[in-house]
A.B. asks: 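The structure that follows is given in the form of structure tokens.
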Amino acid sequence: MIEDVLFIKEKIISIFPGNNLVANDNYLQQVLILTLIWVTRVKNCHYVSNDNNLRNMPICSKSTRYVNEIIKYFGLEIEVKSEKAYLVFVVNCFENADIKMLDNWGKAQIISIALIEWVEKRLEFPFSQNESLFERVYRHVESMLRRLDQRIRVANPLKETVKESYLEVFRAVADFFSATKDEYHVTLSEDEIGYLVIYFSTAQTEVEQDQIYKYQVAIVCNYGMATGRLLAAKLEEHFKVEVVAVLSVNEISVLKTIPVSVVFKTIDVEITDIPNIKLNPILTETDFMIIKKFLKKNSKRLKYEKKALDSTRLFSDILDFLKNSNIEIEKKFVSNLQYIFHVNHLSINERKVQPMLKDLISDTQIQLQLTAENWEAAIRISAQPLLREGFIKPSYVEAMLESVERYGPYIVIGPSIALAHARPTDGVEKLGISITTLKKPINFGNSENDPVQIIFCLAAIDNYSHLNVMKSIVKLINNQNKIKKLSSISSISKFKETLFDENSN
């Protein structure tokens, strides 16, 4: 038995080097145990049903090789075709780097985006600044959805430790899935929640390493400017504070116009809405103890400040400023700006400089009040702008249709909304999207979200470059009033005005 365990472990490590399955020791152990259960079941001729869905799964080379090695080692004779596919599926539920399963691709991306935004807002922490967090959460959610579909449970031996150490994050993640239960139909065990919490807590640590906490402080001093500046210097020397203003008593009204976390004062004067405390103008040991307790009590008012210049954010801010100034930005301009940053030794993370929906969509890619006989025709019609303008090849349209035939109406991602897509390798030439509204809604076979009246056709080149587009779609899904308005508009200019109206979100 020990020899069998060692053999399986060695095969997992050798076949999946450096991937999710080997990097996560808990995943490795569970695949090992599930493999042993599978071997025992097959040896005793307790087979799964001959399921067409399993036999028609896309081939995953690494997982298939792993299963073949197990069959050979244990001398198994597989009489039911679905058995081999079943173990391949189980392995894929923990290791998805080798194949992209389209049935959960859109749902996994939407859940990941919404979850990160939820936790970020709940904890008031900039999780989205961590460029790896989305990738980690998305990969886990995609595998998690497959496990839930097949009722494959995972155990998390660190669950209680994670829950105790990161209780606020744990509650935030748990509350998200509780609040969206009717929307996403996902119910998670605390074991699964624990895994997601680990990704967030890791991201939190990584962000904090690149940030410094600082209180934005104002000083109100009645002993003159020189004394106030001396007090400011002492506070900045001994505490994580940045003194943004030294004011006299007559200048207290200025506090309403500047970003201030706390106020230190040397005189009894009433200050409302901002935590404040009186100190001696020349700090004593007692004052230092009082300040320490005061800052700890108001720790939620800490501000995050970058340690160094964020080149990527600067690049994005420049582009946003130009866009908001109604200056048309062409691709050549962006390339030239990238070059200027490069020659000045300012590196840009291109994953984070992603186009918004309004940057990608043009009038020629918006089709309004069209008619389609069925869902196949609706997908073909929605793809026409991208096909006509060279964003996709004809093979991409066929791949979208085949994926719905294989996986069902998974592309219906919200009430009245479908996101037609296939794999980048199925014929995508460049990142693009089209929007089509239907005069008469079409049923795709999704009982919860049919009928569909708005179809987004997405040509994605990878998992990341379209994230801002996905965020816009997530916002739209959560705004049924806007969906109803958009569905009835026949003017492209009015459609764009309504779609990009942030005030209606």
A.B. asks: Under 30°, 30 to 60°, or over 60°: which ring-plane class applies to W118 and F176, parallel, tilted or perpendicular?
C.D. replies: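 Perpendicular, since the angle between the ring planes exceeds 60°.
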A.B. asks: Could you tell me whether the side chain of N478 and the main chain of K475 form a donor-acceptor pair under 3.5 Å?
C.D. replies: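 No.
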A.B. asks: Which is it for K439 and L370 under the side chain to side chain contact (heavy atoms under 4.5 Å, CB included) test, yes or no, and what are the steps along the way?
C.D. replies: CA-CA 5 Å; K439 191 172 185 179; L370 300 189; over 6 Å; no
A.B. asks: Evaluate F495 against I435 for side chain to side chain contact (heavy atoms under 4.5 Å, CB included), listing each step before the verdict.
C.D. replies: CA-CA 10 Å; F495 184 90; I435 307 175; 3.7 Å; yes
A.B. asks: Under 4.0 Å between a Lys/Arg side-chain N and an Asp/Glu carboxylate O for K107 and E142?
C.D. replies: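 So K107 does not pair with E142 through a salt bridge.
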A.B. asks: With the side chain counted from C-beta on, respond yes when V404 and I379 share a heavy-atom pair under 4.5 Å apart, and no when they do not.
C.D. replies: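 Yes. Closest side-chain heavy atoms under 4.5 Å.
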A.B. asks: Between the side chain of N443 and the main-chain N/O of D450, is any donor-acceptor distance below 3.5 Å?
C.D. replies: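 Absent.
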A.B. asks: Kindly state whether the ring of Y138 and the ring of F134 have centres lying under 6.0 angstrom apart.
C.D. replies: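 Y138 vs F134: aromatic centres under 6.0 Å.
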A.B. asks: One thing to verify: whether K121 and E117 come together as a salt bridge, which I'm taking to mean a side-chain N less than 4.0 angstrom from a carboxylate O.
C.D. replies: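 K121 and E117: not salt-bridged.
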A.B. asks: Measuring only between side-chain heavy atoms, which start at C-beta, is V137 closer than 4.5 Å to F200?
C.D. replies: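 Yes, close enough: below the 4.5 Å cut-off.
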A.B. asks: Can you check whether H140's main-chain N or O pairs, donor with acceptor, with S143's side chain at less than 3.5 Å?
C.D. replies: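 Between the backbone of H140 and the side chain of S143 there is no qualifying donor-acceptor contact (under 3.5 Å).
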A.B. asks: Any sub-3.5 Å donor-acceptor pair from T437's side-chain atoms to Q369's backbone N or O?
C.D. replies: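 Such a contact is found between T437 side chain and Q369 backbone.
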A.B. asks: Does R41 use its side chain to pair, donor to acceptor, with the backbone of H46 at less than 3.5 Å?
C.D. replies: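 Yes, R41 side chain to H46 backbone: donor-acceptor pair under 3.5 Å.
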A.B. asks: Please confirm whether the backbone N or O of E448 pairs with a side-chain atom of N446, one donor and one acceptor, at under 3.5 Å?
C.D. replies: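 Side chain of N446 to backbone of E448: a pair is present.
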A.B. asks: For the atom pair CG (L438) and CD1 (I454), what is the distance rounded to the nearest 0.5 Å?
C.D. replies: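 Those atoms lie 9.0 Å apart.
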A.B. asks: Is any side-chain heavy atom of W375 closer than 4.5 Å to one of V412?
C.D. replies: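 Of all side-chain heavy-atom pairs linking W375 with V412, none is under 4.5 Å.
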A.B. asks: Would you mind reporting whether S416 and K484 have side-chain heavy atoms less than 4.5 Å apart?
C.D. replies: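 No, too far: nothing below the 4.5 Å cut-off.
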A.B. asks: Indicate yes or no: does E373 engage R380 in a salt bridge with an N to O separation below 4.0 Å.
C.D. replies: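 Between R380 and E373 there is no salt bridge, as every charged N stays at least 4.0 Å from the carboxylate O atoms.
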A.B. asks: Would you say F74 and I8 make side-chain contact, with heavy atoms under 4.5 Å?
C.D. replies: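 Of all side-chain heavy-atom pairs linking I8 with F74, at least one is under 4.5 Å.
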A.B. asks: Is it true that a side-chain atom of S201 and a backbone atom of I198 form a donor plus acceptor pair closer than 3.5 Å?
C.D. replies: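 Yes; judged by distance alone, with no hydrogens or angles, the pair exists.
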A.B. asks: Spell out, as yes or no, whether a donor-acceptor pair under 3.5 Å connects the side chain of Y396 to the backbone of A422.
C.D. replies: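 Indeed, once roles are kept as given, a pair shorter than 3.5 Å links the two residues.
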A.B. asks: Taking N44 for the side chain and T40 for the main chain, is one N or O donor matched with an acceptor at less than 3.5 Å?
C.D. replies: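 A pair under 3.5 Å: yes.
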A.B. asks: Is the shortest heavy-atom distance from the side chain of L123 to the side chain of E168 under 4.5 Å?
C.D. replies: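 In short, these two side chains touch, coming nearer than 4.5 Å.
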A.B. asks: Salt bridge check: are K496 and D363 linked by an N-O gap of less than 4.0 Å?
C.D. replies: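 Yes, charged N to carboxylate O under 4.0 Å.
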A.B. asks: Under the side chain to side chain contact (heavy atoms under 4.5 Å, CB included) rule, what do I477 and E183 come out as? Steps first, then yes or no, please.
C.D. replies: CA-CA 10 Å; I477 290 173; E183 184 176 353; 4.1 Å; yes
A.B. asks: Step through it carefully: locate the ring centre of F177, locate the ring centre of H185, and say whether they are under 6.0 Å apart.
C.D. replies: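 No, the ring of F177 stays outside the 6.0 Å limit from the ring of H185, centre to centre.
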A.B. asks: Just do the side chain to side chain contact (heavy atoms under 4.5 Å, CB included) check on K494 and T498 with the steps written out, would you?
C.D. replies: CA-CA 6 Å; K494 182 65 175 176; T498 305; 4.2 Å; yes
A.B. asks: What class does the angle between the rings of Y410 and H421 fall in, given that below 30° is parallel, 30 to 60° is tilted and above 60° is perpendicular?
C.D. replies: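 Perpendicular.
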A.B. asks: Got I413 and F456 here, is their nearest side-chain heavy-atom distance under 4.5 Å?
C.D. replies: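 In short, these two side chains do not touch, never coming nearer than 4.5 Å.
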A.B. asks: Are the side chain of K482 and the backbone N or O of L499 linked by a donor-acceptor pair below 3.5 Å?
C.D. replies: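 Yes; judged by distance alone, with no hydrogens or angles, the pair exists.
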A.B. asks: Have Q365 and S434 got a donor and an acceptor in their side chains that come within less than 3.5 Å?
C.D. replies: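 Looking only at side-chain atoms, S434 and Q365 do not form any donor-acceptor pair under 3.5 Å.
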A.B. asks: Please report the shortest heavy-atom distance between G432 and F391, naming the atom on each side.
C.D. replies: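 Closest pair (atom of G432, atom of F391, distance): CA-CD2, 3.6 Å.
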A.B. asks: With a sphere of 6.0 Å drawn around CZ of R171, does it hold more than 12 non-hydrogen atoms of other residues, nucleotides or ligands?
C.D. replies: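 It does not: R171 CZ has 12 such atoms or fewer within range.
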A.B. asks: Is there a side-chain contact between F125 and E120 (heavy atoms, below 4.5 Å)?
C.D. replies: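 Side-chain contact under 4.5 Å: no.
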